[in-house]
Number of protein chains: 2
Amino acid sequence: MNESPPGGPPPAPKGTVTQRAIERIKAMIGEGLLEPGQRLPTERDLAAQLGLSRSSMREAVRALTVMGVLEARHGSGIYVTQLQAGDLLETFGVVADLSRGPRLVELLEVRRALESTAAALAAARITPEQLKAVEGHLAAMNATDDPEEILAHDLAFHREIAIAAGNETMAAILEGLSSRTFRTRVWRGYQEEGAYARTRREHAAIHRALAARDPEAARAAAAAHVAEVEQWLRAQVGT
Amino acid sequence: MNESPPGGPPPAPKGTVTQRAIERIKAMIGEGLLEPGQRLPTERDLAAQLGLSRSSMREAVRALTVMGVLEARHGSGIYVTQLQAGDLLETFGVVADLSRGPRLVELLEVRRALESTAAALAAARITPEQLKAVEGHLAAMNATDDPEEILAHDLAFHREIAIAAGNETMAAILEGLSSRTFRTRVWRGYQEEGAYARTRREHAAIHRALAARDPEAARAAAAAHVAEVEQWLRAQVGT
DNA sequence: TGACCGGCAGTGGTCGGACCACTTCGATGG
DNA sequence: CCATCGAAGTGGTCCGACCACTGCCGGTCA
């Protein structure tokens, strides 16, 4: 109501209140004041503490929820997520879903770089159990004609390799790049052109390289595999 | 008020109203009903159309804003973004900001894979103007002792290369992986150990490979550059 | 004694309305 | 013709109420 007109009051007024709240909560987590899994005060209390209305606070919470930082459980409370790579990169899938034309090719270029690296790492680190799982999906993929099932095992095949690479962040990104709708859109056309045989051969090659613990071969096989789809898509888009 | 008790009413009840609104708007954009840059109806109208309160609608808009899909301009309206890679991958920086310990190493592994690929692509595609810009940042970086300035030109150096690679998506991801706070945190310690000379040498090597239009050399130089930091960080974390 | 279950308090989810801050654009006056 | 001002429109914020769900505590019954 008063305060010295110039100078400005202590609560540095920058951006919207909601934006400020988002930053403050994010900062609290960044500084370790809020541990993963910990429960936050109620929306009402939180709003009071940060000096804003519950509505605005709810928007801040929603924003952080989308970012994968917080998790709101109806009737229970608001919690900090485990901050796993998967939590934070969940929105990554949206990019794949909304991308069109040239951007799809770019996404596959990114995927080629990561998938080949993951395969190389996996070749060096994969455990016998994980190798067994990879073989399982490979066999299941070859044993059925149902496109849905093939797609499912295809996804699982690559996921298993990404995990075996021992880099959760990379695995989470690849997961996003293979989001359900993305894969469906791109592969629909690709596999309808009788590319099943080629896909099987390429998957087999990747598995062989993994079994042989040959990083370079795995890298090459994975890169070639993604490049095949990439080339096809490039032709479709007309680039 | 009535309706046949079983069966359930038409408006398929799944998840929260806000969540449904998010999906519906996202779907509209995905199906091309909403073009990039287009203005949406007002919050009040949108809420009425989708049959929910303005509060809930605002949360939906906030969520899509965080995802980089929508943009709200105070006093003007809500607009669909250009859906550029940069818009959609803005939240990627949050991952880098909130990551600690082992995950930082994982992020650098990802960066190594992408940065080396980008360098290879850039070597083949870079234009004389872009090469000039790269040289400019290289020179500026060597001409000052101010850590802040060095960091700024360092970032610009890598950004220029990422852009020259001609893959906006890859550039956007790398941008996120080099977010201000991330770089500051990691490089603070690294460069204080007198790594400036080494950094300069490595940057020069990358530039040399680009000038020579040698993709393989560029890939190797970039990979080695990131690997240096990665090794240092690995030692710090104790992995 | 033990498991079951009923109700109750607490919390997030939704709603409606009011007012504020900012942008936009047309009317006004020079 | 241009600059200025003002009103309408829109997002931003706040308030208060009620709904839906979770979790827990105490009572009940086998």
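All heavy atoms count here, side chains included; hydrogens, waters and symmetry mates do not. In this text, all values refer to a predicted model and were calculated from it rather than measured experimentally. Below, chain A is the first sequence line, B the second, and so on; all start at residue 1.
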>> What range of DNA chain D does chain A touch, first nucleotide to last, counting atoms under 4.0 Å from its heavy atoms?
In response: D/dG12 to D/dT22

> So which one's nearest nucleotide on DNA chain C is more toward 5', B/Ser53 or B/Arg44?
Replying inline: B/Ser53

> Whole-Å distance between C/dG13 C1' and A/Glu59 CD?
Replying inline: 14 Å

>> What I'd like to find out is whether the side chain of B/Leu174 reaches to under 4.5 Å of the side chain of B/His158, using heavy atoms alone.
In response: no

>> Can you tell whether the side chains of A/Glu109 and A/Arg234 come within less than 4.0 Å, N to carboxylate O?
In response: yes

> Hey, are the side chains of A/Arg39 and A/Ile78 touching, using non-hydrogen atoms and a 4.5 Å cut-off?
Replying inline: no

>> Just to be sure I understand the rule, does B/Arg54 reach a base, reach only the sugar-phosphate, or reach nothing, if contact means heavy atoms closer than 4.0 Å?
In response: base

>> Nearest 0.5 angstrom please: A/Leu40 CG to A/Ile29 CD1, how far?
In response: 7.0 Å

> How is B/Thr16 classified with respect to the nucleic acid when contacts are heavy atoms under 4.0 Å: base, sugar-phosphate, or nothing?
Replying inline: sugar-phosphate

> Where the side chain of B/Asp87 meets the backbone of B/Thr81, is there a donor-acceptor pair that is under 3.5 Å apart?
Replying inline: no

>> Using whole Å, what does the distance between atom C1' of nucleotide C/dA18 and atom CZ of B/Arg58 come to?
In response: 14 Å

> If you find the nucleotide of DNA chain D closest to B/Ser55 and the one closest to B/Thr42, which residue's nucleotide is nearer the 5' end?
Replying inline: B/Thr42

> Separation of B/Glu43 atom CD from C/dC19 atom C1', in whole Å?
Replying inline: 15 Å

> Given that A/Gly75 and A/Gly51 both sit by DNA chain D, which one's nearest nucleotide is further toward the 5' end?
Replying inline: A/Gly51

> Rounded to whole angstroms, how far apart are CG on A/Leu46 and C1' on C/dT11?
Replying inline: 13 Å

> In whole Å, what is the span from the CD atom of A/Gln19 to the C1' atom of C/dA21?
Replying inline: 17 Å

> How about A/Asp146: does its CG atom have over 12 heavy atoms from other parts shown lying under 6.0 Å from it?
Replying inline: yes

